[in-house]
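Quick caveat, the model's predicted, so the values are computed rather than measured.
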Amino acid sequence: MTTATPRTLAEELRTRSDRGLAGLLRARPDLLNPVPGDLTQLATRAGTRASVVRAVERLDTFALQTAEALAIAPDPCPYPTLAALMAGDAGDTAVAAALPRAVAALRAQALVWGPDDRLRLVRTARELLTPSPARPSPTGLGPTVAEATAGMSPGRIQEILDAAGLPATHDPVSAVAALTGLFRDRARMAALLDTAPAEAVAVLDKLLWGPPYGAVTDRPAAHLQWLLDRGLLLPAGARNVVLPREAALHLRAGRAHHAPEPVPPALEPATARDPQLVDNAAASQAFTALATVEELLKEWDLGGPPVLRAGGLSVRDLKRTAVALDTTEPLAAFWLELAHAAGLIASDGEADERYAATPAAEDWLQLPDHQRWAALVAAWLPATRTPGVVGTADAKGRALAALGPHLDRSPAPEVRHRVLTLLATLPPGTSVPERALLSRLRWERPLRAAAPATQPPAASAPPQGPAQAAPPSTAADGAAGPAPTDDLRSRLAQWTLVEAELLGVTGRGALAAHGRTLLRTTGDTGPSAETDTGPHADTDTDASTTAAALTPLTPAEATATAVRAAALLAPLLPEPLDHILLQADLTAVAPGPLRRPLAEALAVLADIESKGGATVYRFTPASVRRALDAGRSAAELQEFLTTHSRTPVPQPLAYLIDDVARKHGQLRVCAASAYVRCDDDALLSEILADRRAAALRLRRLAPTVLAAQSAPEQLLDGLRAMGYAPAAESAAGDVLVARADSYRTPPRTAPTPVPDGPPPPDRTLLEAAVRAIRAGDLAATAARKPAAAPADTAPSAPGALPRTTSAETLATMQAAVLTSSPVWIGYVNADGAASQRVIAPVRVEGGYVTAYDHTSDEVRTYPLHRITGVSELADDAV
């Protein structure tokens with residue numbers, strides 16, 4: 001049974017509701033692997049260094065500042081003492097108002113426990129956050145008087161008391177207590193500092209906000225000696241001194257931090273736009289994104305570039321891809337990684353490995369536009385591969401390649417989700433500067449967003465003067481200043497803003513209406529949805545709500561939200577057209593997106609000259625010949641243009657098609673090595689006389705046949721470069737239709753995101769885990785009746801399994817069946833794992849006992865030979 005005031009973290013966890021335990025497990029999912037057997041195991045695991053480090057890294061700035069204040073406060077710390085450290089003597093109202101929620105957040109994550117009059121920071125967290133010379137605290141505070149005077153001679157301590165105007169004591173302990181009391185007494189300390197030289201006060205001001213360490217010479221100046229004589233500077237080494245914590249707190253007016261940040265930075269200045277304009281801009285960009293990915297697949301339709309030996313795409317091939325997509329290399333890397341994450345491109349796995357479109361790309365191309373967009377966004381939201389790091393160096397100095405290894409950055413999904421969530425808190429159509437978002441993200445994850453601002457003093461650095469110290473650092477203390485942009489989280493946030501704009505999730509910097517549906521609409525906060533009225537009601541709510549708000553979407557959730565967003569996006573996407581506008585200058589204008597069959601046919605017949613709101617196609621002899629090589633006749637091309645053009649076919653275009661068709665196939669090329677055949681011997685004579693044909697090394701075999709020493713493909717290209725329109729033929733004399741087949745990889749799966757720690761537990765897992773922990777705790781803490789033991793048998797250790805003979809076990813089980821009373825048993829399963837359980841036997845027969853297991857909350861059957869022993873429970877145990 002737990003006492004009114006918990007003595008340990010495990011006892012406090014027993015007072016929490018199921019919802020509170022679920023909130024803890026959701027906020028710290030590493031505690032679930034494996035599921036703790038009882039609350040004592042849960043408390044022990046919550047205090048391990050690795051788990052505490054992860055929990056502290058996920059604290060926001062003010063919660064972290066509160067934990068840092070508790071680390072330098074007395075243990076245990078009354079709430080008024082903590083409030084004084086955070087708000088100072090003047091009492092900052094904003095800090096006082098936010099402090100209860102910060103304490104509740106620390107309680108919720110089991111970093112702080114105990115009632116308000118005895119707040120305790122878990123030991124591991126205190127060890128991490130307590131200042132030391134090797135690991136300074138962001139508070140800028142040094143050691144206490146007791147810590148700084150440890151090892152000092154008793155005579156020297158008495159000299160300090162005398163110089164400070166204090167009476168002598170009989171022992172060093174009382175002397176240190178007297179000096180500490182002086183520094184904590186506001187009136188007496190103020191009176192002492194009134195007598196200090198001005199230069200001494202200036203030295204204290206330098207050390208006030210940290211680092212608290214300084215260097216002195218062998219013969220300190222008079223003002224430094226005044227401070228040393230009165231203990232305001234205490235030795236911290238051969239030539240180093242430190243400002244004791246109690247003196248610094250007096251000079252700071254009781255504040256532990258230079259600038260507490262009780263509230264997150266505001267998202268401002270805000271720019272409001274018409275939400276409809278934002279949605280339209282986002283929809284336009286979403287369509288452009290689809291066209292870009294489609295262009296990439298078309299570019300690699302016959303097979304893409306080779307795979308580097310170390311994996312990934314070469315710099316040269318990335319540049320070529322960027323040119324083909326008419327974009328920059330960083331953006332080309334983004335589109336490549338997006339298509340890879342969606343499973344549209346992959347390596348073929350052959351001996352000469354190269355990249356190509358996958359079979360899934362064919363299915364993707366046949367989907368409606370909004371569904372294709374949903375597939376891309378569903379792959380982008382949980383992706384951990386980060387194209388922004390392409391081109392940078394890895395730990396070994398090697399450049400990271402697009403589609404290559406080592407591009408995963410585990411925090412990417414969380415940062416991406418958080419950036420979109422912050423944008424969703426703004427009114428529709430509203431955007432804020434990038435810097436405002438970065439400042440908010442830094443406040444939410446200060447330890448992950450920036451390096452520690454206060455560095456330990458370099459042992460080899462020479463002193464720069466008497467008692468010199470670095471100026472106070474405001475970055476770690478949360479003072480106003482520019483948010484860092486060189487850390488990973490800030491860069492991930494910047495890339496998220498760019499990528500969201502490219503994908504049409506945002507428009508003009510504001511989150512579009514369909515982008516808002518990409519966020520989690522419901523937050524599971526635990527197995528119980530009812531209002532909690534227990535002693536930790538605020539704690540329970542805070543843990544689960546905060547964890548849900550900052551937990552990234554799982555791939556399944558991302559797919560579901562992308563489908564919902566695509567339904568809102570669909571009406572905003574342009575409707576594909578079935579017509580073009582032919583012009584007299586041998587161009588055609590597509591006033592919008594074309595239907596796929598029309599776009600594919602037109603891409604063979606003409607070359608794309610420009611893209612944008614309207615696509616311009618240009619007809620050339622080479623493009624018309626390309627259509628004829630694909631098996632189309634001149635009549636079919638004329639009919640195609642007449643059917644799909646809203647304007648008449650211009651005469652120059654009709655003449656161009658007829659002229660190329662008339663020449664097409666007049667020359668025939670086959671392998672001799674290669675030959676040219678033509679019914680018009682005058683045309684062959686013209687070719688032989690042309691100087692440009694010298695490289696083809698042609699000779700006449702017959703009046704209508706020329707032989708060449710080059711391959712058929714080279715001969716075809718050479719004659720086409722000379723302005724002719726030859727056609728390839730087979731050995732039987734038939735014209736070969738040059739319709740290239742698409743190259744596809746074998747079926748491939750999309751890359752799996754690399755999670756940042758254990759995956760967040762779902763509602764079902766939380767319910768099962770809480771039940772198992774409660775049941776295991778019941779079995780571990782249930783009171784038992786003392787069992788008689790032989791005189792020569794040592795008493796069993798606490799927590800040991802009960803030990804009884806087979807006859808005693810059987811007799812006790814049979815008696816429990818008759819009386820319907822629960823018993824405590826030790827059980828070893830088939831894998832040899834031992835556990836203790838509380839069961840209510842129902843039937844004993846055939847060497848088995850059937851009982852209701854309070855530990856697993858189900859009816860189970862146990863072999864009697866696997867039960868190590870049995871003990872009756874106390875009358876009030878269950």
Side-chain angles (χ1 to χ4, degrees), residues 56-73 77 80-103 105-106 121 128-131 135-142 186 201-202 204-213 243 245-269 433 435-455 469-487 489-490:
V56 169
E57 284 182 346
R58 301 182 73 84
L59 293 176
D60 63 53
T61 294
F62 190 62
L64 179 61
Q65 289 178 334
T66 303
E68 290 165 351
L70 282 171
I72 56 98
C77 175
T81 302
L82 174 62
L85 286 171
M86 294 300 297
D89 295 343
D92 189 324
T93 56
V95 170
L99 187 58
R101 184 167 184 83
V103 173
L106 294 173
L121 192 66
L128 289 172
L129 300 176
T130 299
R135 189 179 58 254
S137 167
T139 61
L141 292 170
R186 293 287 190 262
V201 175
L204 294 178
D205 289 341
K206 288 183 179 180
L207 302 177
L208 180 57
W209 295 106
Y213 296 91
L243 176 64
R245 185 181 306 170
E246 293 84 355
L249 287 174
H250 170 81
L251 295 171
R252 296 179 177 192
R255 287 185 298 163
H257 293 85
H258 185 266
E261 289 189 79
V263 294
L267 296 176
E268 55 185 23
R435 198 144 201 85
L437 287 170
L438 297 183
S439 296
R440 174 65 72 87
L441 291 174
R442 185 194 66 83
W443 185 90
E444 292 178 349
R445 291 285 188 271
L447 291 184
R448 289 193 169 195
T454 307
Q455 300 296 337
S473 173
T474 58
D477 286 338
T485 58
D486 57 347
D487 61 278
R489 284 179 63 85
S490 294

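Contact detail for Phe62 and Pro260: the closest heavy-atom pair is CE1-CB, 4.5 Å. Closest approach of Leu106 and Ala67 over heavy atoms only: CD1-N, 3.9 Å. Nearest heavy-atom pair, His257 versus Met86, reported as atom, atom and distance to 0.1 Å: ND1-SD, 4.2 Å. Taking all atoms of both residues into account, the shortest heavy-atom contact from Ala259 to Gln65 is O-NE2, 3.6 Å. Minimum interatomic distance between Ala102 and Ala63 (heavy atoms only, all atoms of both residues): CB-CA, 4.2 Å. Across all non-hydrogen atoms, the minimal contact from Pro446 to Leu59 is CD-O, 3.1 Å.
For the atom pair CD of Glu68 and OG1 of Thr130, the computed distance is 10.5 Å after rounding to the nearest 0.5 Å. Expressed to the nearest 0.5 Å, how far OG of Ser137 lies from CG of Leu128 amounts to 11.5 Å. Going from atom CG of Leu251 over to atom CG of Asp205 covers 7.5 Å, rounded to the nearest 0.5 Å. How far CD1 of Ile72 is from CG of Leu249: 5.5 Å, rounded to the nearest 0.5 Å. Distance check: Cys77 SG to Leu70 CG gives 5.5 Å after rounding to the nearest 0.5 Å. One distance of note links CG of Leu99 with CG of Leu82; it measures 5.0 Å at 0.5 Å rounding.
Not one N or O on the side chain of Arg58 forms a donor-acceptor pair closer than 3.5 Å with the backbone of Arg445. Under a 3.5 Å cut-off, the side chain of Trp209 and the backbone N or O of Leu141 do not form any donor-acceptor pair. Distance alone, capped at 3.5 Å, is enough to place a donor-acceptor pair between the Ser439 side chain and the Arg435 backbone. The closest donor-acceptor contact from the side chain of Thr61 to the backbone of Trp443 lies under 3.5 Å.
Sequence neighbours left out, not one pair with a member in residues 249-258 passes salt bridge (charged side-chain N to carboxylate O under 4.0 Å, His left out).
A salt bridge does not link Asp487 with Arg442: every distance from a Lys NZ or Arg NE/NH1/NH2 to an Asp or Glu carboxylate oxygen is 4.0 Å or more.
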